[in-house]
Q: 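Please read through the structure below; I'll follow up with questions.
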Amino acid sequence: MPSIVVAEPQSTEKSKKIMMKAEAPVFEEDSKSVEKKVKKEKKSSKKTKLTSEPDPDDSNKKIKEKKRKASSGKIKGGSDGDEEERSETSSESGEPMNLGKKKKKMKFDEGVVEEKKVEEDPNAVSNFRISKPLKDALKSKGIESLFPIQAMTFNLVLDGSDLVGRARTGQGKTLAFVLPILESLTNGPAKAVRKTGYGRAPSVLVLLPTRELATQVHADFETYGGSLGLNSCCLYGGSPYQPQQNQLKRGVDIVVGTPGRIKDHIERGNIDFRSLKFRVLDEADEMLRMGFVEDVELILGM
Ligand SMILES: Nc1ncnc2c1ncn2[C@@H]1O[C@H](COP(=O)(O)OP(=O)(O)OP(=O)(O)O)[C@@H](O)[C@H]1O
């Protein structure tokens, strides 16, 4: 079952980084493809020199410049002016990453090779496997583009990888798991196996350390899950058991809550977590700090 752990970095130094443990293979793949593109780039520079017969000095300077850029990690240009796939990560700077396509065009003009970059947002919602109702819901909230952590993790979560995500506050960690989980349940791998109908057992469990945080995350599941016909409940201490119990009895797709109250519901026989498809430990570091470790272990051990 996919497990997702979300936490904030602990020191300012670390806080500049978004760490995606499960993403390592992606980065590795990227560096190989970058290498290939650098070689391809060098070849294409040679071809250009042969076919367009520019002034040798001028052309050499430009080719050297291109090589310098390529070796510094920024690959520019293409061999024939077609669109090319580009992958870069810029999570540390907080800039949108280039997971999507960048169009580049080369213009041949009397031997001078010019590059023209056609602007395109690689993190635009339309570049991801997000269904229309969810796209519309995002649009109605003014979200047209994913934040870097969301773009980085979307496919991994949707396809069911375990993941540890870490980012500074306000970087959009919540939607980084909410969106792909909802898509997986309605249009992805979890669709075929999730429970439906009256009295259904939940497919998703999200644990958070406090009532306030649980309420915030639940609100996102309500907004975006509601647009896909999924329902959720929020279980936290200090509020009456009966309404929570009634909701669970009717059946929910997503349970969001604090460890103590969720453990109580388990002990009362109100929740069956055997059909879980996703479990998320949000603000995991805080949960451990607050002494929820035993409750969390008990809940996840079910
Ligand atoms: N792609 C996006 N485009 C625009 N706004 C977004 C996007 N993703 C999230 N937001 C908004 O950014 C704000 C911060 O998001 P969120 O609370 O998920 O961040 P966080 O990293 O979980 O922060 P915290 O650690 O404080 O919980 C929210 O108001 C959210 O609605």
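Please read these numbers as outputs of a predicted model, since none were measured by experiment. In listed order, ligands and their atoms are each counted from 1.
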Q: Can you check whether G188's main-chain N or O pairs, donor with acceptor, with E183's side chain at less than 3.5 Å?
A: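 Pair absent, no side-chain N/O of E183 close to backbone of G188.
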Q: Would a distance-only check, ignoring hydrogens and angles, find a side-chain to backbone donor-acceptor pair under 3.5 Å from D253 to N231?
A: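 Checking the backbone N and O of N231 against the side chain of D253, a donor-acceptor pair under 3.5 Å is found.
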Q: Yes or no, since that's all I need: does a protein heavy atom fall within a distance strictly under 4.0 Å of atom 13 (C) of ligand 1?
A: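 Given the 4.0 Å limit, the answer for atom 13 (C) of ligand 1 is no, no protein heavy atom qualifies.
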Q: Would you mind checking which non-hydrogen protein atom is closest to atom 5 (N) of ligand 1, with the distance to 0.1 Å?
A: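 Protein heavy atom with the smallest distance to atom 5 (N) of ligand 1: F147 CZ, 3.5 Å.
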Q: Residues in salt bridge (Lys or Arg N to Asp or Glu O under 4.0 Å) with R268, at least two apart?
A: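 Applying salt bridge (Lys or Arg N to Asp or Glu O under 4.0 Å) to R268 gives none.
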Q: Give me the nearest non-hydrogen protein atom to atom 27 (O) of ligand 1 as residue plus atom name, then the distance to 0.1 Å.
A: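 The answer is E283 OE2, 3.7 Å.
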Q: Which residue, I271, V256, V252, forms the side-chain contact (heavy atoms from CB on, under 4.5 Å) with L235?
A: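 So, applying the side-chain contact (heavy atoms from CB on, under 4.5 Å) to L235 and each of I271, V256, V252, only I271 qualifies.
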Q: Please list the nearest protein heavy atom to atom 1 (N) of ligand 1 with its residue and the distance rounded to 0.1 Å.
A: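 Closest protein heavy atom to atom 1 (N) of ligand 1: S145 O, 2.8 Å.
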Q: List the closest protein heavy-atom neighbour of atom 24 (P) of ligand 1: residue, atom name, distance to the nearest 0.1 Å.
A: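 Nearest neighbour among protein heavy atoms for atom 24 (P) of ligand 1, to 0.1 Å: T169 OG1, 3.3 Å.
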Q: Any sub-3.5 Å donor-acceptor pair from S184's side-chain atoms to P180's backbone N or O?
A: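 Absent.
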Q: I need the nearest protein heavy-atom contact for atom 19 (O) of ligand 1: residue, atom name and distance, please.
A: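 Of every protein heavy atom, G172 N, 3.1 Å lies nearest to atom 19 (O) of ligand 1.
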Q: Do G170 and ligand 1 have an N or O pair less than 3.5 Å apart?
A: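 There is such a contact, yes.
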Q: Can a non-hydrogen atom of R168 be found less than 4.0 Å from any atom of ligand 1?
A: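 Within the 4.0 Å threshold, so yes.
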Q: Answer side chain, backbone, both or neither: which part of Q150 comes under 4.0 Å from ligand 1, heavy atoms only.
A: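 Near ligand 1, Q150 shows its side chain, while the N, CA, C and O stay back.
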Q: For ligand 1, is A167 a contact, meaning one of its heavy atoms is under 4.0 Å away?
A: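 No, A167 has no heavy atoms under 4.0 Å from ligand 1.
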Q: Suppose I only count heavy atoms of L175 and a 4.0 Å limit; which atoms of ligand 1 are within that range?
A: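 Near L175, the atoms of ligand 1 are 8 (N), 9 (C).
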Q: Any Lys/Arg nitrogen of D159 or R129 sitting under 4.0 Å from an Asp/Glu carboxylate oxygen of the other?
A: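 Counted as a salt bridge, because a side-chain N and a carboxylate O are separated by less than 4.0 Å.
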Q: Could an N or O of ligand 1 be found under 3.5 Å from any N or O of G142, whether backbone or side chain?
A: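 For ligand 1, there is no N or O atom that lies under 3.5 Å from one belonging to G142.
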Q: Can you tell me if E144 contacts ligand 1 (heavy atom of the residue under 4.0 Å from the ligand)?
A: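 Distance cut 4.0 Å: E144 fails for ligand 1.
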Q: Any cation-pi pair here, R194 with F278, using under 6.0 Å and within 45°?
A: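 No; the conditions do not both hold, so R194 does not lie above the ring face of F278.
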Q: Does K173 reach the main-chain N or O of R168 with its side chain, forming a donor-acceptor pair under 3.5 Å?
A: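 It does hold such a pair.
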Q: Got the closest protein heavy atom to atom 31 (O) of ligand 1, with its distance?
A: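 Of the protein heavy atoms, I143 CD1, 4.8 Å lies nearest.
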Q: Taking side chain to side chain donor-acceptor pair (under 3.5 Å) as the definition, give me every residue that meets it alongside Q242, ordered by chain and number, with sequence neighbours left out.
A: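 N246.
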Q: Do me a favour and list the nearest non-hydrogen protein atom to atom 18 (O) of ligand 1 with residue, atom name and distance?
A: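 Ranked first by proximity to atom 18 (O) of ligand 1 is T174 OG1, 3.0 Å.
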Q: Go through ligand 1 atom by atom and flag the ones less than 4.0 Å from a non-hydrogen atom of L146.
A: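 That gives atoms 1 (N) of ligand 1.
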Q: Is it true that atom CD of E294 has more than 12 heavy atoms of other residues, nucleotides or ligands lying nearer than 6.0 Å?
A: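 It does not: E294 CD has 12 such atoms or fewer within range.
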